[in-house]
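No experiment lies behind these values; they were computed from the predicted model shown. Quick note on labels: first sequence line is chain A, next is B, and so on, each numbered from 1.
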Amino acid sequence: MLTLKVLQENKEYVIERLAVKNFKAENLINQILELDQKRRSTQNSMDSNQAELNKLAKEIGELFKNGKQTEANELKNKNAEIKNTVKIQGDELASIEKQLNSILVQLPNLPHKSVPAGKGADDNKEIRSGGSIPQLPENALAHWDLAKKYDIIDFELGNKLTGSGFPVYKGKGAKLQRALINFFLEEAILAGYTEYLPPILVNEDSGFGTGQLPDKEGQMYHVGIDNLYLIPTAEVPVTNIYRDVILSVNDFPVKMTAYTPCFRREAGSYGKDVRGLNRLHQFDKVEIVQIQHPEKSYQALEEMVNHVENLVKSLNLPYRILQLCGGDMSFTSALTYDFEVYSAAQDKWLEVSSVSNFESYQANRLKLRYKDENDKKTTLVHTLNGSALALPRIVAALLENNQTNQGIIIPEVLRKFTGFDRID
RNA sequence: GGAGAAAUGGCCGAGUGGUCUAAGGCGCACGCCUGGAAAGUGUGUAUGCCUCAAAAGGGUAUCGAGGGUUCGAAUCCCUCUUUCUCCGCCA
């Protein structure tokens, strides 16, 4: 969430920036500033009452010790009144803080200066592209047909076991998944990321820390009996490793990677573009996360974009990189690049990665700070993450683009992980 | 799942109602000492919020978390969480 400080000091700027995300902030900010005013005066008054109580308690103690019962009892009466006031003020303060917080979390992150205004996907800006679109044979098939032809992914079986959107990978299809996961993890490790294997169920605090709760509650599967959530991305457990942590300057950069399955309810997106692997309820993904000094976070973002670009390049997939416009960006992001690969038989661009800088927005929720050696103050860090990469759409594009009459050709870089060079 | 024990600062650890403004040690930082280092020695060493133009300073809260008793709680009571030991179950 945004800090109170930025709202107090740069109200007009915040309103202007949030308009880029098509968000009208003025009313909410006014409410916040008013509540904050109340919070401070209440706290101020409560603290001085409490100071008075502490002083009286000491005096009463002294009087008892000296055997002056009567005087002690007089002071006790005086005490009771102040104590009651403190109690009322404490309740009031808690209520104000609760209100304040509930409004504060409704404000999205400020988009970076470079973010273009826009309503949706059509207004995203292409940064660059690469690879070449393949010439497919006349009888080219979409990946769901190829999956059936070579018996490597069974969508109907997933329906039987769980429901739609939970495919079953089989034989070389299953091994291809494992190979991709290994390839992506190895590349991340080579790039200096530390591998983690985190839990895939998280508690409410973690969901709040990275911004999934309370805004996107309906998008996560919830295990009610234990009040836990299935993660929609490894970002959640991995970033939360550093919840409530104070780093020192020489801890930077923190670079972490993790493979996890990801679970998304995708409520409201039935019907369109959900065929085959295009949109699933469970899928595999390798994620990269960085925790950075605020001055270095945009440099880190570029580094992460380059990392992801090298992955799609090495898989020989035609790709393009988009900078998202304000209207298409997530609630928590300050700047996002999306990667899309071209899936030739479907004739579609498919999003396979999203790389974002959250600046201090998540850090503020996470209470993730660093301490400067010189001024001894704590400052919020910047957090970033990106998919590197999400598997299903990569598999879709690989199957479709690499189909030949002799089977599906496995990209060179994957062969040491698959142990085979084609699916036939 | 059942029974018992425990949770204190970066770490170890003392502390069973007021002198806790949390002993002592380790670590770390800075100084002194030294030719340099070690040893020795001195000082400092948490976080949030409020106050202050800022800094300094002051106030307040925090001893696993949340409630309660009391004029006063690290200390007493209740609930929860986690860890350890034993029992049960189990890949």
Is the terminal nitrogen or CZ of A/Lys172 (NZ for Lys, CZ for Arg) located under 6.0 angstrom from the six-membered ring centre of A/Phe420 and within 45° of that ring's axis?
yes
Which value, in whole Å, describes the distance between the P atoms of nucleotides B/rG25 and B/rU45?
16 Å
Using OP1 and OP2 only, check whether a side-chain N or O of A/Gln43 sits under 4.0 Å from B/rU60.
no
Under 4.0 Å from OP1 or OP2 of B/rU51: is there any side-chain N or O of A/Ser41 that close?
no
Is A/Arg365 close enough and on-axis enough to A/Phe208, meaning under 6.0 Å and within 45°, for cation-pi?
yes
Nearest to the side chain of A/Ala57, which nucleotide is it out of B/rA46, B/rG18, B/rA55?
B/rG18
Between CG of A/Leu53 and P of B/rA61 the distance, given in whole Å, is 9 Å
Within the structure, does a side-chain N or O atom of A/Arg369 lie under 4.0 Å from either OP1 or OP2 of B/rU47?
no
Please classify the nucleic acid contact of A/Asn77 as base, sugar-phosphate, or nothing, using heavy-atom distances under 4.0 Å.
nothing
More than 12 heavy atoms from other groups under 6.0 Å of NZ on A/Lys148:
no
Of the options B/rA61, B/rC50, B/rC71, whose atoms approach the side-chain atoms of A/Ile60 most closely?
B/rC71
When rounded to the nearest Å, what value does the distance between C1' atoms of B/rU51 and B/rA6 take?
40 Å
With heavy atoms under 4.0 Å as the rule, sort A/Leu63 into base, sugar-phosphate or nothing.
nothing
Atom P, compared across B/rU75 and B/rA22: separation rounded to whole Å:
16 Å
Looking only at atom P, what distance separates B/rG67 and B/rA61, rounded to whole Å?
15 Å
Rounded to the nearest Å, what distance is computed from the CG atom of residue A/Asn44 to the P atom of nucleotide B/rG48?
19 Å
Can you find a pair of side-chain heavy atoms, one from A/Leu180 and one from A/Val395, that are under 4.5 Å apart?
yes
For the P atoms, the ones on B/rC26 and on B/rU41, what distance do you get once it is rounded to whole angstrom?
9 Å
For B/rG18, take OP1 and OP2 only and decide whether either is under 4.0 Å from a side-chain N or O of A/Asn54.
no
For A/Lys371 and B/rC28, give me the distance from atom NZ to atom P, rounded to whole Å.
17 Å
Closest approach of A/Leu197 to A/Tyr259 (non-hydrogen atoms, all atoms of both residues):
CD1-O, 3.8 Å
Can you tell me how far P in B/rG15 sits from the matching atom in B/rC76, rounded to whole Å?
12 Å
At under 4.0 Å between heavy atoms, what does A/Lys5 touch on the DNA or RNA strands: base, sugar-phosphate, or nothing?
nothing
Would you please confirm or rule out a distance under 4.0 Å between OP1 or OP2 of B/rG68 and any side-chain N or O of A/Lys87?
yes
Output yes when at least one side-chain N/O atom of A/Lys55 is less than 4.0 Å from OP1 or OP2 of B/rG72, else no.
no
Heavy-atom nearest pair, A/Leu141 first then A/Asp145, reads CB-CB, 3.9 Å
Can you find a side chain N or O atom of A/Lys83 that sits less than 4.0 Å from OP1 or OP2 on B/rG72?
yes
Is the gap between the ring centers of A/Tyr298 and A/His382 under 6.0 Å?
no
For B/rC49 and A/Arg40 - does any side-chain N or O of the residue sit under 4.0 Å from the phosphate oxygens OP1/OP2?
no
5' priority, RNA chain B, between A/Glu52 and A/Ser45 [closest heavy atom]:
A/Ser45
Nearest-nucleotide wise, let me know which of A/Gln50 and A/Ile246 is further upstream toward the 5' end of RNA chain B.
A/Ile246
Would one find a side-chain N or O of A/Arg39 under 4.0 angstrom from OP1 or OP2 of B/rC50?
yes
P atoms of B/rC78 and B/rU69, separation to the nearest Å
15 Å
A/Glu81 CD - B/rC71 C1' separation (whole Å):
15 Å
